Protein chains: 2
Amino acid sequence: MSDTVSDIIRDKFNFLTRAERKLANVLLDNYPVSGMTSITRLAELAEVSTPSVVRMAQKLGFTGFPDLQNALRDELEATISNPIAKHDRWSQQAPDTHILNRFADAVIDNLRQSLDQLPPEDFDRVSALLADRKRAVYIVGGRITHALADYLFTHLQVLRENITLLPANSNIWPHHVLNMKPGDLLVIFDIRRYERDLINLADMVKEQDVEIILFTDQWGSPVGKAASHRFNIKIEAPSAWDSSVVTLFMLEALTAAVETRIWGVTKSRMKQLEALFDRKKLFR
Amino acid sequence: MSDTVSDIIRDKFNFLTRAERKLANVLLDNYPVSGMTSITRLAELAEVSTPSVVRMAQKLGFTGFPDLQNALRDELEATISNPIAKHDRWSQQAPDTHILNRFADAVIDNLRQSLDQLPPEDFDRVSALLADRKRAVYIVGGRITHALADYLFTHLQVLRENITLLPANSNIWPHHVLNMKPGDLLVIFDIRRYERDLINLADMVKEQDVEIILFTDQWGSPVGKAASHRFNIKIEAPSAWDSSVVTLFMLEALTAAVETRIWGVTKSRMKQLEALFDRKKLFR
DNA sequence: AGGACTCTGAAACAATAATTTCAAAAATTG
DNA sequence: CAATTTTTGAAATTATTGTTTCAGAGTCCT
């Protein structure tokens, strides 16, 4: 028998144009109810014109919009009359024992618990510190978390000046410590299999009145003693490794918070950056 | 909110006329989908005239048939919609307008939609490819996604041999391309502000029969044309940047899947790695 | 940078849906 | 059983939806 409308959309998604993709997203978003309005309202919802809706319907193999809508209604009828609770699964096509669904469950649980444990004032205080442009910011990660440090660095660097990513090789760290001034910030990532080098570094900079912001797991790295701000993140996953998803979530949320605090600066920096990229393009 | 349409109908059933009762029965029969057609077809279905439908809608307290139909659609939406999407607050202590809660909503929505669009067979096929130790794996990212590439590299490298992370500098890429054999895998990260270098690279390796696995956003990088496997990930966030959280989720889930496929190999590699770390400790 | 191509939405048009009118059919009543 | 009231649907009318056309915007390619 034939595919569902959502199957068809996904199938042909890559052949759809920009306006059609907007539409596809709206249709799939609250599927299939979002397709049950008039063509006019659907077009408005997707911010495209009604002709685009018609064209898309035809591209998907229907004679017109009403035809597509009928197909949706028929599917809906079949779904509704079938009492299986489809929505307790993340990926509806996969069994709930599939790794995708198990992982999603774990991550959501991690997120919920991590947020529950985090007083928003702490979060706000850290975002305020990072937004204070008088303080230089240093970032350092461990073996696994280095990628996270890198990610934070790349983003903060656009937001404001004076951001430094310490290299993976701990031999060079003292050179950077030399530069740090009182009031500067050191963001440390240290997640289980805590690394001795990081503790040494933390102790060292603490003596220079550098404030430490620590990202660690629910058990807490020993660096915590030296840190003035700490994010304890739940990192459990159905895998031999820990999950960094929630940590990344925190980094992005933090970046967004800093961004709104110093939007004026950030905006002009982003513009400059765009200009520089454009010039680089011209060179080749 | 007040009563549902079906409540109202049952309430007033005794005051309905003969034609109206026919209608009521049709509406309640396949509730609420049967009410989602045009007034004409509904009238035909109930074997009454269209004016009867209008009169009934007004008798039930609606301004007309479209008004009733909207009410039905709203109910349907509330029933169908995913309970997880309705999570009111993530961080209980913060107001739901706090960036943490807004970000959490966005990320969950991204996750749900990305999973919805991903056929699990595709996922399984990719994990099987990555678990095939005869194939060398190359990984490359762009400006922002480099950290993700790095993260995947760090993890895969423990799982199996023959993993290479291409450097950020695209000048050196040809040297690596030289090494690639037919059947090898190239994992490409390319998220909006698609990078021309990556397209060139993709075209180049495609000619050598290297299979490309692409991680991109919901709009789809132009690399997609050359890719044999593609993950379209929704990346919207309440920020000037896109969110990489769901992409990282996919990487971790994929890593976990590969890990279970070749657990024998991975286990012994992890043991060896532990031993090496221990010896390194002894050196200092 | 310019030409060929594709994509898009405003506007005109066609089709259909929804409402109103009204006369006839059914039900109710004395 | 006729007079009255209520209910009903055919037909006319109005409102809205859905489709087509077409010119200009945008993109791609050399």
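All chains are named by letter (A, B, ...) in the order of the sequence lines, taking the proteins before the strands, and each is independently numbered beginning at 1. Heavy-atom basis, side chains included; hydrogens, waters and symmetry copies ignored. Here the structure is a predicted model, which is why all the values come from computation and not from measurement.
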At less than 4.0 Å, is any side-chain N or O atom of B:Q58 found next to OP1 or OP2 of C:dT20? Yes or no.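 Looking at the OP1 and OP2 atoms of C:dT20, one of them is under 4.0 Å from a side-chain N or O of B:Q58.
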
Using a heavy-atom cut-off of 4.0 Å to chain A, what are the terminal contacting nucleotides of DNA chain D, in 5' to 3' order?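 Boundary nucleotides touching chain A, in 5' to 3' order, are D:dT17 to D:dT20.
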
Worksheet item: Given C:dA18, C:dA27, C:dT20, which nucleotide is nearest the side-chain atoms of B:R18?
Response: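 Side chain of B:R18 sits closest to C:dA27.
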
Rounding to a whole Å, what distance do you find between [X]:[atom1] and [N]:[atom2]?
X     : N      : atom1 : atom2 : value
A:I39 : C:dA17 : CD1   : C1'   : 14 Å
B:K59 : C:dT19 : NZ    : P     : 16 Å
B:R55 : C:dT19 : CZ    : P     : 12 Å
B:F65 : C:dT20 : CZ    : P     : 15 Å
A:M56 : C:dC7  : CE    : P     : 14 Å
B:L42 : C:dA17 : CG    : P     : 12 Å
B:L68 : C:dA17 : CG    : C1'   : 15 Å

Thinking salt bridges, do [X] and [Y] make one under a 4.0 Å N-O criterion?
X      : Y      : result
B:D105 : B:R102 : no
B:K59  : B:E20  : yes
B:K206 : B:E211 : no

Could you check whether A:T17 gets within reach of a base, just the sugar-phosphate, or nothing at all, counting any heavy atom under 4.0 Å?
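Counting heavy atoms under 4.0 Å across all strands, the contact made by A:T17 is with sugar-phosphate only.
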
**OP:** Could you check whether B:T50 gets within reach of a base, just the sugar-phosphate, or nothing at all, counting any heavy atom under 4.0 Å?
**Re:**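 Base contact - B:T50 has a heavy atom under 4.0 Å of at least one base atom.
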
Report task. Could you point out which residue of B:D217, B:D109, B:T247 forms a side chain to side chain donor-acceptor pair (under 3.5 Å) with B:K234? Result ->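 That would be B:D109; it is the only one of B:D217, B:D109, B:T247 passing the side chain to side chain donor-acceptor pair (under 3.5 Å) with B:K234.
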
_Using heavy-atom distances to pick each residue's nearest nucleotide on DNA chain D, tell me which of B:K225 and B:K22 is more 5'._
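Checking each residue's closest nucleotide, the 5'-ward one belongs to B:K22.
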
task: Evaluate the ring planes of B:H176 and B:Y138, with Trp represented by its six-membered ring, and classify them as parallel (under 30°), tilted (30 to 60°) or perpendicular (over 60°).
output: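 B:H176 vs B:Y138 ring planes: perpendicular.
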
Distance-only polar pair, side chains of B:N232 and B:R230, donor-acceptor under 3.5 Å
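B:R230 and B:N232 do have a side-chain donor-acceptor pair below 3.5 Å.
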
message: Give me the atom names and distance for the closest heavy-atom approach of B:P174 to B:N171.
response: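 Looking at all heavy atoms of both residues, the closest pair is CD-O, 3.3 Å.
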
